[in-house]
Enquirer: 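Below is the structure I would like to discuss, written out as structure tokens.
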Amino acid sequence: MSSEKNSQSDSSAELARPSIWSKINSRIELSSVDAIRRSNADLDPVPPHRRTWRTHNFVMYWISDNFSPSGFRNAASLMLIGLSWRDSLVCITIAQFIIGCVIVLNGVVGSKYHINFSIQSRASFGYYFSYLMIIMRMIVGIFWYGIQAYTGAECVRSIIYAIWPSFHNVANTLPASANIDTQMMTAYIVYFIIILPMHYIPMQHLKWLFTIKSITTPIVGFAIMGWVIHKVGVSNTSLWTQKTTLHGSKLAWTFLSGLYANIGTWSTLAVNVPDFTRFAVNDKSAFITAFVLPATGCLITFFGVVAAAGSNILYGQVLWDPLLLIDNWTSPGGRAAAFFCAFFFLISQIGVNIAANSISAANDLNCLFPRYINIRRGQIIVAFIGSWALTPWNILTGAPAFISFMSGYSVWLGPIAGILLSDFYLVHKQKYDVWELYNKHGIYRYNKIGTNWRAFAAFFIGWVPLLPGFIPTVNSAITVSAGATHLYYLGYFYGTGAAALSYYLLCRFWPAQETMIERAVLPDADVIQAHNGQYMEEGVDAGFGDAIVVDNEEKH
């Protein structure tokens, strides 16, 4: 009898003992997770003490994003296909002004409701259909993270060349099939070690990184341009002699092609800009983007044109990459200058990769797995997948078609942006219920499968006609009609406009009445405090389940 009791007690103890999975789960589960809303502190509306971005912070952000090694190369592709440096500058400036306006308009959602793109997309696409949009954005962010990491490694390599010139002579021990040599792999590892801790900086504090690089990188740009002009001579007209070699309709369609390509470069940020504007102090802080983006884009492109034209005179080859230019500075003083230029370019590249790719993809992962992944963990995952699993050196060396595919990704991102804008401004008149966006059974579910069929139809209307023109950019063996190609060159305008218009018309004739609310429901902390008497530090937990209705005029 005694042994039977002991056996029963042992069984009870064994059942009470937590399993290995429960132990692991308790360690990796986020403390701020809210299972009901499938949210956590990083996915919730940004609380007031983290809303620290003012107008000058956004100015610094866009300056730092444009002033990078990639910015120096902007005019290269346009001049290689026949445009003069003047036409290239005009093309890039117009492209960045257009996309800057889209970024400003979509950014209002973040600065007003303090939510990111992942949550915003539910209002127009539906609770579950929005996940497809999130995954599409996440994929492009991870791939571009790896590609930009390779550029960051080039900055590190230039720094090492400047400090130890003998590094030029380091023998390659990697096979040719690796598509990367020992020098570059060494620089790549160093770059990864440098950038990894940067992912631990909270988003609201990254503004200091952008401030630093927005000051230092323009100085580097002016310095490189001044050195080139000094060495070549101000009176040397060969710096400015290249003219446009195209005429008539060929020139017009080539110009439009360049416009589309440069708009496409920023089309990802046009979709997920609420990831950053959600940290704005007020609704108007990010409006300056419409001016700063084209102004800085024009300036950095001009730097690149001067540096490339001067390198052709000085070294007999066109060096569009400023890192290749400074690698030629081999005197003691030249090496010191090269070190500082490469160092500040490295800071710039780190900022670009974190801002444009890492945080955005991490936000998407956060939304997909809110129980276990916050922005910090998401950035680490993105860093390892983008930098190592995708081996960007293989992408850059052996798959130019894939780069064309990624550049043409705006075929899908344009319609997404169009639907987001149409829903916010035309359909819902800027009035969302922020807490319902976190409710999978709420008004933005739309139907049993969580899909807004209007957005589904508009999305396909926006990109399907562009597909024939897009395919030859990936596979040059396939030819299509000139009309299909020309429509593709108008792709962002068509995709964004057609999706926005069709979505509006579908909502006008078949409105989702349950989503139409009289007044906006905002996550204002002072109202929440007055209503519930408390404000949660880890996230805006107060207010859910008991809506806080605030009209635009009543907002404090």
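Side chains included, hydrogens not; waters and symmetry mates left out as well; all remaining heavy atoms used. In this chain, numbering begins with 1 at the start of the sequence shown.
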Enquirer: Between Tyr161 and Phe339, is a ring-ring contact (aromatic ring centres under 6.0 Å, His included) present by the stated rule, with each step listed?
Expert: CA-CA 8 Å; Tyr161 282 158; Phe339 168 82; over 10 Å; no
Enquirer: Atom OG1 of Thr55 and atom CE of Met60: how far apart are they, to the nearest 0.5 Å?
Expert: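 If we round to the nearest 0.5 Å, Thr55:OG1 and Met60:CE are 11.5 Å apart.
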Enquirer: I need the single residue from Asp364, Asn272, Asn363, Thr268 that forms a side-chain hydrogen bond (donor to acceptor under 3.5 Å, both in side chains) with Arg137. Which is it?
Expert: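 Running side-chain hydrogen bond (donor to acceptor under 3.5 Å, both in side chains) over Asp364, Asn272, Asn363, Thr268 with Arg137 returns exactly one hit, Asn272.
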Enquirer: State whether the number of non-hydrogen atoms from other residues, nucleotides or ligands found under 6.0 Å of Phe340 atom CZ is greater than 12.
Expert: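 No - once you tally the heavy atoms of other residues, nucleotides and ligands closer than 6.0 Å, there are 12 at most.
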Enquirer: I would like to know whether Trp62 and Phe67 meet ring-ring contact (aromatic ring centres under 6.0 Å, His included); could you show each step before the answer?
Expert: CA-CA 8 Å; Trp62 294 114; Phe67 277 80; over 10 Å; no
Enquirer: List the residues meeting ring pair (Phe, Tyr, Trp, His ring centres under 6.0 Å) with Trp388, not counting sequence neighbours, and say none if there are none.
Expert: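 Checked Trp388 against ring pair (Phe, Tyr, Trp, His ring centres under 6.0 Å); matches are Tyr188, Phe192.
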Enquirer: Please tell me if the side chains of Ile115 and Tyr438 come closer than 4.5 Å, counting only heavy atoms from C-beta onward.
Expert: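 SC-SC contact between Ile115 and Tyr438 confirmed.
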Enquirer: Would you compute the distance between atom CG of Leu319 and atom CD1 of Ile326 and round it to the nearest 0.5 angstrom?
Expert: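 That separation rounds to 11.5 Å.
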Enquirer: Taking the ring centre of each residue, are Tyr191 and Tyr150 less than 6.0 Å apart?
Expert: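 Centroid separation for Tyr191 and Tyr150: 6.0 Å or greater.
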Enquirer: Which atom pair, heavy atoms only, marks the closest approach of Ile381 to Ile373?
Expert: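 Smallest heavy-atom distance, with atoms named: CD1-CD1, 3.7 Å.
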Enquirer: Hey, does the Lys NZ or Arg CZ of Arg51 hover above the aromatic six-ring of Phe279, less than 6.0 Å from the centre and inside 45° of the axis?
Expert: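 Because its charged atom misses either the 6.0 Å distance or the 45° angle limit, Arg51 does not stack over Phe279.
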Enquirer: If you count every heavy atom of other residues, nucleotides or ligands that lies below 6.0 Å from Phe287 atom CZ, does the total exceed 12?
Expert: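 For Phe287, atom CZ is crowded (more than 12 foreign heavy atoms under 6.0 Å).
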Enquirer: Could you go step by step and tell me if Leu421 and Asn106 meet the side-chain contact (heavy atoms from CB on, under 4.5 Å) rule?
Expert: CA-CA 6 Å; Leu421 293 175; Asn106 196 33; 3.9 Å; yes
Enquirer: Any chance you could measure Ile94, atom CD1, to Ile263, atom CD1, to the nearest 0.5 Å?
Expert: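 Those atoms lie 9.5 Å apart.
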Enquirer: Is the side chain of Thr182 donor-acceptor paired with the backbone N or O of Thr173 at a distance under 3.5 Å, no angle test?
Expert: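 Flag set: sc Thr182 to bb Thr173 pair under 3.5 Å.
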Enquirer: Test side-chain contact (heavy atoms from CB on, under 4.5 Å) on Trp53 and Phe210; report intermediate values, then the result.
Expert: CA-CA 11 Å; Trp53 284 46; Phe210 301 135; 3.6 Å; yes
Enquirer: Step by step, work out the side chain to side chain donor-acceptor pair (under 3.5 Å) result for Asp34 and Ser39.
Expert: CA-CA 5 Å; Asp34 186 318; Ser39 185; over 6 Å; no
Enquirer: Report the residues that fulfil ring pair (Phe, Tyr, Trp, His ring centres under 6.0 Å) with Tyr145, sequence neighbours left out, ordered by chain and then residue number.
Expert: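 Per chain and number, Tyr145 pairs via ring pair (Phe, Tyr, Trp, His ring centres under 6.0 Å) with His199.
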Enquirer: A quick test of your reading: do over 12 heavy atoms of other residues, nucleotides or ligands sit less than 6.0 Å from OH of Tyr315?
Expert: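 Above 12, so yes.
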Enquirer: Tell me if a side-chain donor or acceptor on Gln183 pairs with a main-chain N or O of His168 at a distance below 3.5 Å.
Expert: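 Present.
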Enquirer: Quick one: which of Thr496, Val271, Leu132 gives a side-chain contact (heavy atoms from CB on, under 4.5 Å) with Ile416?
Expert: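 Between Ile416 and the candidates, side-chain contact (heavy atoms from CB on, under 4.5 Å) is satisfied uniquely by Val271.
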Enquirer: Ignoring hydrogens and angles, tell me if any N or O in the side chain of Ser410 forms a donor-acceptor pair with the backbone of Leu413 under 3.5 Å.
Expert: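 A pair under 3.5 Å: no.
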Enquirer: Please confirm whether the backbone N or O of Tyr61 pairs with a side-chain atom of Ser64, one donor and one acceptor, at under 3.5 Å?
Expert: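 Indeed, once roles are kept as given, a pair shorter than 3.5 Å links the two residues.
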Enquirer: Name the orientation class of the two ring planes belonging to Trp329 and Trp227 (parallel below 30°, tilted from 30 to 60°, perpendicular beyond 60°).
Expert: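 Trp329 and Trp227: tilted rings.
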Enquirer: Does Tyr260 have its ring centroid less than 6.0 Å away from the ring centroid of Tyr492?
Expert: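 Between Tyr492 and Tyr260, which both carry aromatic rings, the centre distance is not below 6.0 Å.
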Enquirer: Between Arg371 and Leu30, does the side-chain contact (heavy atoms from CB on, under 4.5 Å) criterion hold? Intermediate values first, please.
Expert: CA-CA 6 Å; Arg371 189 172 181 178; Leu30 297 171; over 6 Å; no
Enquirer: Once rounded to the nearest 0.5 Å, what's the spacing between atom CD1 of Ile142 and atom CD1 of Ile147?
Expert: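 Between atom CD1 of Ile142 and atom CD1 of Ile147 there are 12.5 Å.
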Enquirer: Where do Val305 and Trp85 come nearest, in terms of heavy atoms and distance?
Expert: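 So the minimum-distance heavy-atom pair works out to CG1-CB, 3.4 Å.
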Enquirer: Would you call Pro274 and Thr277 a side-chain contact if the rule is heavy atoms closer than 4.5 Å?
Expert: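 SC-SC contact between Pro274 and Thr277 confirmed.
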Enquirer: If you measure from CD1 on Ile119 to CG on Asp275, what distance do you get to the nearest 0.5 Å?
Expert: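 Here the interatomic distance stands at 10.5 Å.
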Enquirer: Do the charged groups of Arg377 and Glu29 touch, with an N to O distance under 4.0 Å?
Expert: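 Answer for the salt bridge query: no.
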Enquirer: Determine, stepwise, if the pair Ile219 / Phe344 fulfils side-chain contact (heavy atoms from CB on, under 4.5 Å).
Expert: CA-CA 9 Å; Ile219 292 174; Phe344 290 130; over 6 Å; no
Enquirer: May I ask you to decide if Ala95's main-chain N or O and Asn262's side chain share a donor-acceptor pair within less than 3.5 Å?
Expert: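 Checked: no pair found.
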Enquirer: Does a salt bridge link Asp327 with Arg157, judged by any charged N lying under 4.0 Å from a carboxylate O?
Expert: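 No, no charged N to carboxylate O under 4.0 Å.
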Enquirer: Going from CG on Leu390 to CZ on Phe384, what distance comes out if it is rounded to the nearest 0.5 angstrom?
Expert: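 Those atoms lie 13.5 Å apart.
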Enquirer: So, do Phe72 and Phe345 have ring centers that fall under 6.0 Å from each other?
Expert: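 Under 6.0 Å, so yes.
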